[in-house]
Student: 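Below: one structure in structure tokens.
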Amino acid sequence: MEFNCSSPRTIPVVSTFANPFDNNYDDTNSLTGVNGQTRKPIALWPGMYHSPVTIALWETRSKTFERFLDPPKDAPPQSELLTKTPKQSRTSILYGFSADHILREQYRDPWNEVRIGKLLEDLDALAGTISVKHCCDDDNTTRPLLLVTASVDKIVLKKPISVDIDLKIVGSAIWVGRSSIDIQLEVLQSTKETSDTSDSVALIANFIFVARDSKTGKAAPVNRLSPETEQEKLLFEEAEARSMLRKKKKKVEEKKEFENGEVNRLEALLAEGRIFCDMPALADRDSILLRDTHLENSLICQPQQRNIHGRIFGGFLMHRAFELAFSTAYAFAGLVPYFLEVDHVDFLKPVDVGDFLRIKSCVLYTEHEDSEKPLINIEVVAHVTRPELRSSEVGVHIPFRVIASP
């Protein structure tokens, strides 16, 4: 399978050290925009310090994004909802790793594969662009919606992703509720041996965005979605079923009661932990306390990490969480871990510029069905801490699953 870079819907990605889009600067360090109006250079927009993808995406839709940077004051909300198709929001980006050596080095990990954390950041950026394209009404007199990443349903890695072969990410809106949008993204990488389209899918992710009125902060309705092809209809039905399952699961968790088997298992684990604490000399040498697998990072959220709405970019949070989870698994297993999936990402609280963020991780449990390749489940929690208020809240919760293999 060959990627056609000349397609109008395919956005080429280049290294941040050579931005081909900003070639029309004038002496006042500004760019000439639509109808001859002066606008801020793309390189000075929020989020330009994340990855080359952000620059490519924002330049492609600069006219739309400028409304978010400087929304009309006291403008009315969108008066009439539109009906759009998945095709209208479909967007793809192309990483020319085989030809762009600088871009390749920006994404290379120590094992000559793509840095998954950096890719998660790009996926969130692309999902955000797709949500904007679906919600846009092309009316500059109305106020734009506030679109935020609510959660990520699941991210599954199907095969290793090489940094030496061109990579493509394709995504579109696949389901829409009243104020939520389900976006599916596929990371594609093919070789001569895997020319079939289905075999080229390396990673699948489902992002859920919610819309808020930028003035009132309340939930706002979004444009309707009308699938056209059989594949689009199938994805729509699957996403709708997942939405219903999430609502049902939420109600069940509010009334959750442990079954006898689960209670017995929990009691056994707690009893084993008490032996470690009270009689360490008699503890099982093949076990370890959960607290002894704990790692933590702390940082102050900087303006360079903000998104178009001025809050910390969700992709940046996932990037930092992944790299801490990877380090935790590496230190625990003594082997290079291989990422398998993210079960579910919950963005519980907004993270703002200047917030003190504490990202904590630990190994929750392991599975030994294959003793040579144990599965390691890691939980990462990001706490938004405000020392001056003496408060701390959970902002992001992400469970990772990796495999340790020699």
Side-chain angles (χ1 to χ4, degrees), residues 1 3 13-17 50-53 93-126 152 154-169 185-194 199-205 293 295 297 315-343 345 359 361-363 366-380 398-406:
M1 175 179 161
F3 300 134
V13 179
V14 296
S15 62
T16 52
F17 296 101
H50 300 307
S51 75
V53 168
I93 55 179
L94 175 64
Y95 299 75
F97 289 140
S98 61
D100 192 332
H101 300 287
I102 296 177
L103 181 67
R104 191 189 310 164
E105 288 305 312
Q106 287 181 270
Y107 282 82
R108 185 192 303 278
D109 74 3
W111 302 277
N112 208 42
E113 293 180 358
V114 169
R115 290 176 61 185
I116 298 297
K118 201 168 180 65
L119 194 61
L120 295 179
E121 195 169 337
D122 293 351
L123 289 170
D124 188 63
L126 178 56
V152 183
K154 200 159 193 175
I155 302 175
V156 179
L157 183 69
K158 292 184 171 292
K159 65 177 185 179
I161 305 175
S162 172
V163 78
D164 296 320
I165 304 171
D166 288 353
L167 188 72
K168 189 174 185 180
I169 307 179
L185 304 172
E186 290 185 336
V187 177
L188 308 174
Q189 189 173 69
S190 63
T191 61
K192 294 179 180 179
E193 294 76 19
T194 59
D199 293 335
S200 66
V201 178
L203 183 145
I204 296 178
T293 68
L295 289 181
N297 277 338
F316 169 80
L317 299 174
M318 288 196 294
H319 185 174
R320 295 301 297 263
F322 173 83
E323 296 201 340
L324 183 60
F326 186 93
S327 300
T328 303
Y330 199 179
F332 173 77
L335 298 169
V336 177
Y338 291 91
F339 167 71
L340 293 181
E341 65 180 30
V342 174
D343 185 55
V345 182
I359 308 176
S361 71
C362 67
V363 177
T366 59
E367 300 172 32
H368 296 274
E369 293 180 4
D370 185 346
S371 58
E372 295 185 357
K373 297 181 179 180
L375 292 174
I376 304 173
N377 294 267
I378 300 167
E379 182 180 60
V380 179
I398 311 177
F400 290 92
R401 174 175 286 197
V402 300
I403 187 171
S405 177

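Keep in mind that this is a model prediction, so the values were computed, not measured. Keep in mind that the numbers below use all heavy atoms, side chains included, and drop hydrogens, waters and symmetry copies.
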Student: Can you tell if the side chain of Ile155 reaches within under 4.5 Å of the side chain of Phe322, non-hydrogen atoms only?
Tutor: no
Student: Within the 4.5 Å heavy-atom criterion, are Val342 and Val152 side-chain neighbours or not?
Tutor: no
Student: Parallel, tilted or perpendicular for Tyr330 and Trp111, by the 30°/60° rule?
Tutor: perpendicular
Student: Keeping the roles fixed (side chain from Asp166, backbone from Ser98), state whether a donor-acceptor pair exists under 3.5 Å.
Tutor: yes
Student: Any side-chain heavy atom of Leu123 sitting closer than 4.5 Å to one from Met318?
Tutor: no
Student: Inspect the contact between Glu367 and Arg401 and indicate whether a charged nitrogen and a carboxylate oxygen are less than 4.0 angstrom apart.
Tutor: yes
Student: Using the rule given for side-chain contact (heavy atoms from CB on, under 4.5 Å), can you reason through Asp124 versus Phe316, listing the C-alpha separation, both sets of side-chain angles and the distance that settles it, and then say yes or no?
Tutor: CA-CA 9 Å; Asp124 188 63; Phe316 169 80; over 6 Å; no
Student: Taking only residues two or more places apart in sequence, or in another chain, which ones meet Asn112 in a side chain to side chain contact (heavy atoms under 4.5 Å, CB included)?
Tutor: Arg108, Val163, Asp164
Student: Is there a side-chain contact (heavy atoms from CB on, under 4.5 Å) between Leu188 and Val201? Walk through the geometry before answering.
Tutor: CA-CA 5 Å; Leu188 308 174; Val201 178; 3.5 Å; yes
Student: Distance only, no hydrogens: is a donor on one side chain within 3.5 Å (strictly under) of an acceptor on the other, for Glu105 and His101?
Tutor: no
Student: I need the Asp100 CG to Gln106 CD distance, nearest 0.5 Å.
Tutor: 8.0 Å
Student: How long is the span from the CG atom in Leu203 to the CZ atom in Phe339, to the nearest 0.5 Å?
Tutor: 6.5 Å
Student: Compare all side-chain heavy atoms of Ile378 with those of Thr293 and state whether any distance is below 4.5 angstrom.
Tutor: no
